[in-house]
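Numbers here are sequence positions counted from 1.
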Amino acid sequence: MSIVFITSCQVSNRLKTHPHVYIQHEGREAKKWKLIWEDQFNGTSIDTTKWSKIPAGEADWNRHMSMDTACFAMEDGKLILKGINNPDSSRDSRPFLTGGIWSKGKFAFQYGRIEIRAKLGYAQGAWPAIWMLAELDKYGKYPKNGEIDIMEHLNHDSIIYQTTHSYYTLDLRRKNSPPHSGTANIVAGKYHVYGISWYPDRIVFQLDGKDTFSYPRMTELDQSQWPYDQPFFLLIDQQLGGNWVGKVDSKQLPVEMLIDWVKVYQ
């Protein structure tokens with residue numbers, strides 16, 4: 001399915017220097033949401049006008065990211081992101097390979113609502129995540145631009161974590177003023193809709209359309225408390241291992257994360 005855009009004069013401004021960036025018009029948050037972008041994953045391959053595969057890096061979350069086609073599938077209108085045992089260590093010495101996609105450089109937005117319908121797999125060391133990072137780096141290097149974790153899941157837990165990270169929470173260690181994280185219960189093997197409604201003064205986390213946790217802008221605090229006044233792009237990835245989630249049990253792999261659709265409104 002092609003990208004859906006509503007006329008920019010109604011909903012968003014598109015930056016001339018970055019036309020893939022959609023800035024919600026002031027005052028839109030008080031009006032009815034309108035769909036501006038979506039992917040139903042009905043094709044036979046990842047739509048490269050919307051997404052790129054996430055490359056490997058040095059952090060826990062991207063240490064095992066791979067371009068290998070074994071980590072990706074499109075079946076029955078679903079995108080499948082996999083965490084697998086590496087089938088060929090002669091080409092790649094890493095023990096595990098994982099699949100992830102991001103909209104970096106292809107779609108980003110500032111304020112609005114995003115929903116992702118997904119089903120999570122369970123395994124020791126599995127760490128599926130749906131999250132957002134800043135597209136234009138308004139305030140400098142990470143974590144000064146902030147991070148919005150729509151959903152993170154660990155191992156066999158029956159809860160998800162929904163979190164904001166920033167210079168304020170990580171470097172200044174102000175994690176409880178205001179509280180920057182919440183949890184919500186999920187059912188194993190069931191599709192859920194993970195999302196946020198993002199306003200100029202708060203980020204409201206949601207599960208299956210219901211509010212679960214809210215992070216407010218506090219103007220009386222250090223300015224670094226609210227870096228969320230800039231465009232963010234989306235990441236969806238099936239991560240494996242790391243200090244937080246713990247060691248991977250290779251016998252429990254492969255593990256899969258199924259994505260039904262992604263919808264963004266402003």
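Atom CD1 of Ile116 is separated from atom CE of Met151 by 8.5 Å, given to the nearest 0.5 angstrom. Here CD of Gln24 is found 14.0 Å from OH of Tyr265. Values are rounded to the nearest 0.5 Å. For the atom pair His192 NE2 and Ile160 CD1, the distance stands at 8.0 Å (nearest 0.5 Å). Here the straight-line distance linking atom NZ of Lys251 with atom CG of Asn85 works out to 11.5 Å at 0.5 Å rounding.
A donor-acceptor distance shorter than 3.5 angstrom exists from the side chain of Arg28 to the backbone of Gln266, with no hydrogens or angles considered. Using a distance-only test at 3.5 Å, with no hydrogens or angles considered, a donor-acceptor pair links the side chain of His180 to the main chain of Thr164. Within the 3.5 Å criterion, the main-chain N or O of Leu234 finds a donor-acceptor partner in the side chain of Ser103. Looking at Asp157, its side chain never comes within 3.5 Å of a backbone N or O of Ile159 through a donor-acceptor pair. A donor-acceptor contact shorter than 3.5 Å links the side chain of Gln225 to the backbone of Pro216. The backbone N or O of Arg174 sits nowhere less than 3.5 Å from a side-chain atom of Ser177 that would complete a donor-acceptor pair. The backbone N or O of Gln124 lies less than 3.5 Å from no partner atom in the side chain of Asp249, so there is not a single donor-acceptor pair. Between the Asp92 side chain and the Arg94 main chain, a donor and an acceptor come within less than 3.5 Å of each other. With hydrogens and angles ignored, the 3.5 Å screen pairs no side-chain donor or acceptor of Ser12 with any backbone N or O of Arg14. In this structure a side-chain-to-backbone donor-acceptor pair under 3.5 Å is present from Gln162 to Ile150.
Residue pairs meeting the salt bridge (charged side-chain N to carboxylate O under 4.0 Å, His left out) criterion with at least one partner in residues 123-147, sequence neighbours excluded, are Lys138-Asp229. For residues 112-134, every residue pair satisfying the salt bridge (charged side-chain N to carboxylate O under 4.0 Å, His left out) rule, not counting sequence neighbours, is listed here: Arg113-Glu115, Arg117-Asp260.
Counted by atom type alone, Gln239 and Asp237 present one or more donor-acceptor pairs between their side chains at under 3.5 Å. Residues Gln206 and Ser197 bring a donor and an acceptor atom of their side chains to less than 3.5 Å of each other. Between the side chains of Gln230 and Asn145, at least one donor N or O lies within less than 3.5 Å of an accepting N or O.
The aromatic rings of Phe205 and Phe213 are tilted relative to each other, their planes meeting at an angle between 30° and 60°. Ring orientation note: the planes of Phe233 and Trp102 are nearly perpendicular, at an angle over 60° on the 30°/60° scale.
For Phe109 and Trp198, the ring centers are positioned less than 6.0 Å apart.
Residues that satisfy the salt bridge (charged side-chain N to carboxylate O under 4.0 Å, His left out) test with Asp76, not counting sequence neighbours, are absent from this structure. Take Phe72 and apply the ring-ring contact (aromatic ring centres under 6.0 Å, His included) test, not counting sequence neighbours, and it matches no residue. For Asp208, the salt bridge (charged side-chain N to carboxylate O under 4.0 Å, His left out) criterion is met by no residue, not counting sequence neighbours. For Tyr161, the ring-ring contact (aromatic ring centres under 6.0 Å, His included) partners at least two apart in sequence or on another chain are Trp244. Under the salt bridge (charged side-chain N to carboxylate O under 4.0 Å, His left out) criterion, Arg217 pairs with no residue, sequence neighbours left out. Every residue meeting the side-chain hydrogen bond (donor to acceptor under 3.5 Å, both in side chains) condition with Asp88, not counting sequence neighbours, appears here in chain and number order: Ser90, Arg91. Asp201 is linked by a salt bridge (charged side-chain N to carboxylate O under 4.0 Å, His left out) to nothing, counting only residues two or more places apart in sequence or in another chain. The ring-ring contact (aromatic ring centres under 6.0 Å, His included) check on Phe96 picks up His64, with sequence neighbours excluded.
Looking at heavy atoms from C-beta onward, His18 lies in side-chain contact with Leu136 at the 4.5 angstrom threshold. At least one side-chain heavy atom of Ile236 sits less than 4.5 Å from a side-chain heavy atom of Ile259. Side-chain contact check for Val193 versus Leu207: every heavy-atom pair is 4.5 Å or farther apart. Looking at Trp127 and Gln238, their side chains never come closer than 4.5 Å, going by heavy atoms from C-beta outward. By the 4.5 Å heavy-atom criterion applied to side chains, Phe107 and Asp39 are not counted as neighbours. Taking 4.5 Å as the limit, every side-chain heavy atom of Ile148 sits out of range of all side-chain heavy atoms of Tyr215. In this structure the side chain of Met74 never reaches within 4.5 angstrom of the side chain of Thr44, judged on heavy atoms. Counting only heavy atoms from C-beta outward, the side chains of Tyr199 and Glu29 approach each other to under 4.5 Å.
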(request) Show your working on side chain to side chain donor-acceptor pair (under 3.5 Å) between Trp131 and Glu152 and close with a plain yes or no. (result) CA-CA 8 Å; Trp131 53 305; Glu152 292 181 282; over 6 Å; no

(message) Please determine whether side chain to side chain contact (heavy atoms under 4.5 Å, CB included) holds for the pair Lys175 and Tyr168, giving the CA-CA distance in whole Å, both sets of side-chain angles, and the decisive distance to 0.1 Å.
(response) CA-CA 8 Å; Lys175 296 183 177 183; Tyr168 181 80; over 6 Å; no

(message) Assess the residue pair Ser224 and Leu172 against the criterion (side chain to side chain contact (heavy atoms under 4.5 Å, CB included)); give the C-alpha distance rounded to whole Å, side-chain angles, the decisive distance to 0.1 Å, and a yes or no.
(response) CA-CA 9 Å; Ser224 64; Leu172 299 184; 3.8 Å; yes

(request) Could you walk me through whether Tyr22 and Trp37 pass side chain to side chain contact (heavy atoms under 4.5 Å, CB included), step by step? (result) CA-CA 10 Å; Tyr22 285 70; Trp37 189 89; over 6 Å; no

In residues 52-59, what donor-acceptor pairs under 3.5 Å come from side-chain atoms, sequence neighbours left out?
from	atom 1	to	atom 2	distance (Å)
Ser52	OG	Lys106	NZ	2.9
Lys53	NZ	Met67	O	3.2

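Between Lys82 and Ala70, the closest heavy-atom pair is CD-O, 3.3 Å. Of all the heavy atoms in Pro231 and Ile23, the pair that sits closest is CG-CD1, 3.6 Å. Across His165 and Asp149, no two heavy atoms sit closer than the pair CD2-OD2, 3.2 Å. Leu240 and Gly83 get closest at one heavy-atom pair: CD1-CA, 3.8 Å. Contact detail for Gly146 and Leu133: the closest heavy-atom pair is O-CD2, 4.0 Å. The shortest heavy-atom contact between Thr212 and Ala184 is CG2-CB, 4.0 Å.
In the hydrophobic clustering, where aliphatic and aromatic side chains (Ile, Leu, Val, Met, Phe, Trp, Tyr) are joined below 4.5 Å either directly or transitively, Leu97 groups with Ile84.
Note: the hydrophobic cluster containing Tyr142 also contains Met65 (ILVMFWY, side chain heavy atoms under 4.5 Å, direct or indirect links).
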